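Everything below concerns the one structure shown next.
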Amino acid sequence: TIKDDKTIVVVLTHTEKYTSDWKKMFGLLIKISQLDDINLCILPHVRGMSNMKPPKELKNSWDNKSTLDVAIKNSDIVIFWESSGIFEGVVRNKKIFFLSFLSVNNEKYIWKKNASHGIVMNNEKDLLNALNSFDKDKDIDNQCFEEIIWPKGDPWLNVSNFLDKMLKS
């Protein structure tokens with residue numbers, strides 16, 4: 001675990017097949033890795049990227065040893081464009097950035113229509129501005145994802161309400 005004031009950013013990468021512009025992706029990751037106030041952790045996709053060697057500029061950010069759970073638990077921000085692992089970030093209430101400009105399935109995500117401002121990044125400039133202005137103390141709104149994970153509301157609250165009703169009857 002990194003103990004400093006830098007923002008910890010985890011990127012859930014995906015293979016070339018599921019990345020619209022492979023070269024642009026690496027260029028962007030290199031730019032993020034060079035930001036002074038960011039600690040970047042790049043998780044290569046388990047199917048297809050785990051044995052891949054990263055570009056030399058990303059060697060220190062490339063993490064093929066940490067589990068998804070540990071990497072996200074230690075992060076402030078989770079970035080993705082094609083990964084079901086994003087739901088781990090939602091469950092852990094992390095700031096989520098979706099890179100629509102790298103997604104090959106951009107228009108197919110049902111959660112996008114309800115996404116709050118600041119989740120969908122349409123270009124590199126938007127992402128870099130969002131990273132620069134990120135505030136760890138600001139409330140996070142992942143409601144658009146939560147509706148998919150918990151379509152009938154928070155399961156713990158539902159169980160609690162159910163038990164309350166059972167105990168009162």
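Only a predicted model underlies this, so the values are computations on that prediction, with no experimental measurement involved.
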For the pair D126 and V120, evaluate side-chain contact (heavy atoms from CB on, under 4.5 Å) and give the outcome as yes or no after the intermediate values.
CA-CA 9 Å; D126 287 352; V120 178; over 6 Å; no
Would K136 and D76 count as a salt bridge (charged side-chain N to carboxylate O under 4.0 Å, His left out) here? Give the steps.
CA-CA 7 Å; K136 291 181 185 185; D76 298 303; 3.6 Å; yes
Does the pair T19 and T13 meet the rule for a side-chain contact (heavy atoms from CB on, under 4.5 Å), with working shown?
CA-CA 8 Å; T19 304; T13 61; over 6 Å; no
Criterion side-chain contact (heavy atoms from CB on, under 4.5 Å) on L127 and L28, from CA distance to verdict:
CA-CA 10 Å; L127 175 65; L28 175 61; 3.7 Å; yes
Can you list the steps and then say if R92 with D69 is a salt bridge (charged side-chain N to carboxylate O under 4.0 Å, His left out)?
CA-CA 9 Å; R92 292 194 176 278; D69 175 61; 2.5 Å; yes
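Within the 3.5 Å criterion, the main-chain N or O of V9 finds no donor-acceptor partner in the side chain of S75. A distance-only check finds no donor-acceptor pair linking the side chain of N142 to the backbone of F145 [under 3.5 Å]. Proximity of a side-chain donor or acceptor of N74 to a complementary backbone N or O of V70 within less than 3.5 Å is detected. Distance alone, capped at 3.5 Å, places no donor-acceptor pair between the N105 side chain and the K108 backbone. Side chain of K112 to backbone of C144: no donor-acceptor contact under 3.5 angstrom is found.
A chain of hydrophobic side-chain contacts below 4.5 Å, direct or via other Ile, Leu, Val, Met, Phe, Trp or Tyr residues, connects I30 to I79. W81 is connected to W22 through a chain of hydrophobic side-chain contacts under 4.5 Å among Ile, Leu, Val, Met, Phe, Trp and Tyr, so both are in one cluster. Residues Y18 and M25 do not share a hydrophobic cluster, clusters being chains of Ile/Leu/Val/Met/Phe/Trp/Tyr side chains in contact below 4.5 Å. The same ILVMFWY cluster, assembled from side-chain heavy atoms under 4.5 Å apart, contains both I77 and L58. Hydrophobic clustering (ILVMFWY, side-chain heavy atoms < 4.5 Å, transitive): F101 and V104 are in distinct clusters.
Looking at every heavy atom in both residues, A71 comes nearest to L43 through CB-CD1, 3.7 Å. Contact between G89 and V78 at its shortest, heavy atoms only, is CA-CG2, 4.3 Å. L102 and D21 get closest at one heavy-atom pair: CD2-O, 3.7 Å. Closest non-hydrogen pair, L40 versus L29, comes out as CD2-O, 3.5 Å. What you find for E57 and S33 is that their closest heavy atoms are O-OG, 4.0 Å. Nearest heavy atom pair, residue L12 against residue I86, reads CD1-N, 3.6 Å.
Expressed to the nearest 0.5 Å, how far CG of L131 lies from NZ of K31 amounts to 12.5 Å. A distance of 6.5 Å separates CH2 of W111 from CD1 of I119, quoted to the nearest 0.5 Å. Rounded to the nearest 0.5 angstrom, F134 CZ and I38 CD1 are separated by 8.5 Å. Taken from CG in N60 to SG in C41, the straight-line distance is 12.0 Å, to the nearest 0.5 Å. Here CD1 of I96 is found 7.0 Å from CZ of F80. Values are rounded to the nearest 0.5 Å. Residue L99 holds its CG atom at 13.5 Å from NE2 of H14, rounded to the nearest 0.5 Å.
Partners of S103 according to the side-chain hydrogen bond (donor to acceptor under 3.5 Å, both in side chains) rule, which considers only residues two or more places apart in sequence or in another chain, are E82. Residues meeting the side-chain hydrogen bond (donor to acceptor under 3.5 Å, both in side chains) test with N122, sequence neighbours left out: S100.
A 4.5 Å side-chain heavy-atom check between I72 and K94 finds at least one atom pair inside the cut-off.
Checked against the 6.0 Å centroid criterion, the rings of Y109 and F98 qualify as a close aromatic pair.
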